[in-house]
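Data block below; observations after.
Chain letters run A, B, ... following the sequence lines, proteins first and then strands; every chain starts at 1.
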Number of protein chains: 2
Amino acid sequence: AKPPNMVFMLMDDMGWGDLGVYGNAAKETPNLDKMAAEGMLLPSFYSANPLCSPSRAAMLTGRLPIRNGFYSTNAHARNAYTPQNIVGGIPDSEILFPELLLQAGYATKIIGKWHLGQQPQYHPLKHGFHEWFGSPNCHFGPYNDVTTPNIPVYRNASMAGRYYTDFPINRSTGESNLTQLYIQEAVDFIHKSVGAGSPFFLYWTPDATHDPLYASKTFLRTSSRGLYGDAVRELDYGVGVILKLLTQLGVASDTLVIFSSDNGGATYAKEMGGSNGPFLCGKETTFEGGMREPTIAWWPGTVAGGTVSHQLGSMMDWFSTALDLAEIKEPDDRIIDGMSLLPILVNGTVTDRPVFYYRGDELMAVRYQMYKAHYWTWTNSIDEFNHGTDFCPGEEIANVTTHDQVNHTSQPLLFHLGRDPGEKYLIKPKTAEYIEAMKLIQPIVDEHHKTLVKGAPQLNYCDPAVMNWAPPGCEDLDQCLPVPHHDQTLCYWPH
Amino acid sequence: AKPPNMVFMLMDDMGWGDLGVYGNAAKETPNLDKMAAEGMLLPSFYSANPLCSPSRAAMLTGRLPIRNGFYSTNAHARNAYTPQNIVGGIPDSEILFPELLLQAGYATKIIGKWHLGQQPQYHPLKHGFHEWFGSPNCHFGPYNDVTTPNIPVYRNASMAGRYYTDFPINRSTGESNLTQLYIQEAVDFIHKSVGAGSPFFLYWTPDATHDPLYASKTFLRTSSRGLYGDAVRELDYGVGVILKLLTQLGVASDTLVIFSSDNGGATYAKEMGGSNGPFLCGKETTFEGGMREPTIAWWPGTVAGGTVSHQLGSMMDWFSTALDLAEIKEPDDRIIDGMSLLPILVNGTVTDRPVFYYRGDELMAVRYQMYKAHYWTWTNSIDEFNHGTDFCPGEEIANVTTHDQVNHTSQPLLFHLGRDPGEKYLIKPKTAEYIEAMKLIQPIVDEHHKTLVKGAPQLNYCDPAVMNWAPPGCEDLDQCLPVPHHDQTLCYWPH
Ligand SMILES: [Ca+2]
Ligand SMILES: [Ca+2]
């Protein structure tokens, strides 16, 4: 039988609490709420990292960033990603599940932000995708093409233009039709793939909810939540378009659709960031707000509608799930952190397994069953905080949301996420509950450290010469910028 | 035509974020979630006060506590209620909507906590109810019948026994079958009323989620959230029983059912309190966590299923709605703060109106449209806080969650609850947005103060002689305790 199609919708910096079905008071996500009503809600689902690049690399490789190299050793426990001066990217030695799907006959496409390296050898078409429409990096400024070039938007292996100049985002109003382009690309790809009769994998990953926010004119000022909500509404609309199309084309019952986000809402962006519902802090942190993701699975006829699974899930599980669905053997020459969610999706079974919360090179916390043990705590430096960057606005838990890196490994901070999802009330050491819980968790942590083979860190070096000055295809567009001299230095990761 | 039946389910200290449909991660409220799927969700619905007695008095009278007398002038802006040494209660001059329903031929019953005064002249049967099964006060200790008597449980006008002795609550395990009794009472009343053919009003108000928490053996240790979650699960089960019965008896289409809570989750109770989702602080405060209530309306065939109304609603609206449904003229000799929600329920219309947040004798804040202006801020005294009572655990917004009573009337603190439901990000005065919003709000506040006629405060005096030593009916049970001498003093309201 033909293996099922897969559509993975991965949002950027969207929070657990941004969806109506996950308790957002604005209730402005009717299509996602409908998707949940027709599918499975996974309220205990985690990204592998509290920020974009390592989270995305982990999802595609099924491996923790500490294994696949998406971390830095420049300083302890730092959040590192792929700004456009990053030298590294996804190593060729890593296997991305789209590579295996492609070998198995899938048509594969990524629409949106890649973030696994912007040098050409790291691009999607070198790592499992037939097609790409989107950008290698975030759509940051400074918009002048002098200190840094504007980020290119690619169509497949060649640039199609740049943000701001060719793909406008109005910096004062946030108006941009990019999400509409990404929706149209998805529609076209699905049409084409269904017509061709081959199974397809679509990785749909728009970035409208990543600061600087944007929405098209149709959606601007339509949300009670401001520009952030406008972006959410437009993405929700896009989800509706895609699900409706799958149904209309008669392939809904052959297609697993996953919706999730790459990391928690960016609470540091204040009103311009997402909501993490009842959870503590947000993006960049290993508290629940940083890594709990608003996840929905949809597969009419296979995944029962209106169900909820309390499975502790990880974005890395989509690697194993995709291979399972395509009946591809999982690589056995490396540790895979994901597990196939097929039994959960189909039968609603639940399997005990730990969740690891990493920040850079450090295992900060571990969840097992309802317990979460923090081995290290850190928000950001007191210096950053005093300059106005607050990862936990309005939230301060004494000895937990620390501005020093605090080592709790001799006596981890323990929370019960059922009674206390906000990580507010420490379970006292020496209590029977603490001792019993740590008896479960500590061996898992010891085993993890003992068997861990760290990948070579890919996010240590930065160099202005590797920026998107002259991307492939720039000649045809007459958009090549002069490349500065190499000046490779250790990247500075402040938090 | 026969007017519709009404069932108002009012929970005790349950938080907005405790229901699956309102974003609780445990998703342990399948019956409430189903109720919402078949009815209307009202995510912007408010109690009239952040604690029990005034909230309940306001719901039943349709009037703010400052008008109906459920406040104290012993000190400024204090939360006052009806402990069993309170002298006052609901004044005869107040009209409760069940009185009017009763006159119009409704069978009326309250099951659960009354909290409008424990002296016999204040009891439910004197204020509009044919029947009562429940207690006048909270089921607090100290359980010794010496310094205070245990709280009586009434059947109609006579006591049927007392908490702990006759209606057990196991203080170490929380085991108690009270919620089961309250469910059975509801079932019996509905059966009887449907059989009799008269319209009925059931006010179902169990208190299992009010500290000290309890649940029956069947539900104990079944929740991932601990004893609080056990209580929620049992109440959710009760909701399911009642809705199913209405359907089975063929009266669902003739019955408006409302679910809500009397005030926000008791965050000061830590893991033993409810969740207020993304909202700030909880019970006792005039932040959103103190007064935003998890509200659902259900009326198959009349209220469209799966709908959401963003109407700013108030518990006091049920007064006007009940009269509207029963085609009873609203009293015109007094100000009624409620408005009929019938157009909202039936047609989904939305009407602009303010929400007033009172604490005792002070108007602390006002919401209009998406804006909320704080005229006063206070959590609790620094002394109480330093002794371990924290109304905002882990949450601290500088100059907002103040431990002094701070007067902001000359320049109210303004928040936009759409972009910022957590009341974290002050809108700066002098900005156009601030000026425009305050142009809307200030005239409303001025008008409110100008037209306000305060009721005589009922919650100023306390006296050990008025406690439940010798409730009506105690003779028959041989449970009369000696009544101490009168010693009337001003009640002490610490916060
Ligand atoms: Ca991100
Ligand atoms: Ca209460």
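- Contact count against chain B (heavy-atom pairs under 4.5 Å) is highest for A:G277 among A:P43, A:G226, A:G277.
- Both the backbone and the side chain of A:P393 come within contact range of chain B, each with at least one heavy atom under 4.5 Å from a heavy atom of that chain.
- Of the atoms belonging to B:L41, it is side-chain heavy atoms, and not backbone ones, that fall under 4.5 Å from chain A.
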Using only distance (under 3.5 Å, no hydrogens or angles), which donor-acceptor pairs connect chain B and chain A?
unit_1 : atom_1 : unit_2 : atom_2 : d
A:A26  : O      : B:H310 : NE2    : 3.0
A:H310 : NE2    : B:A26  : O      : 3.0
A:P393 : O      : B:K424 : NZ     : 2.9
A:G394 : O      : B:E396 : N      : 2.8
A:E396 : N      : B:G394 : O      : 2.8
A:K424 : NZ     : B:P393 : O      : 2.9

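- In this structure, the side-chain contact (heavy atoms from CB on, under 4.5 Å) partners of A:A373, at least two apart in sequence or on a different chain, are A:Y375, A:P412, A:L414, A:M438, A:I441.
- Interface remark: B:A25 contributes backbone and side-chain atoms alike to the contact with chain A (heavy atom separation under 4.5 Å).
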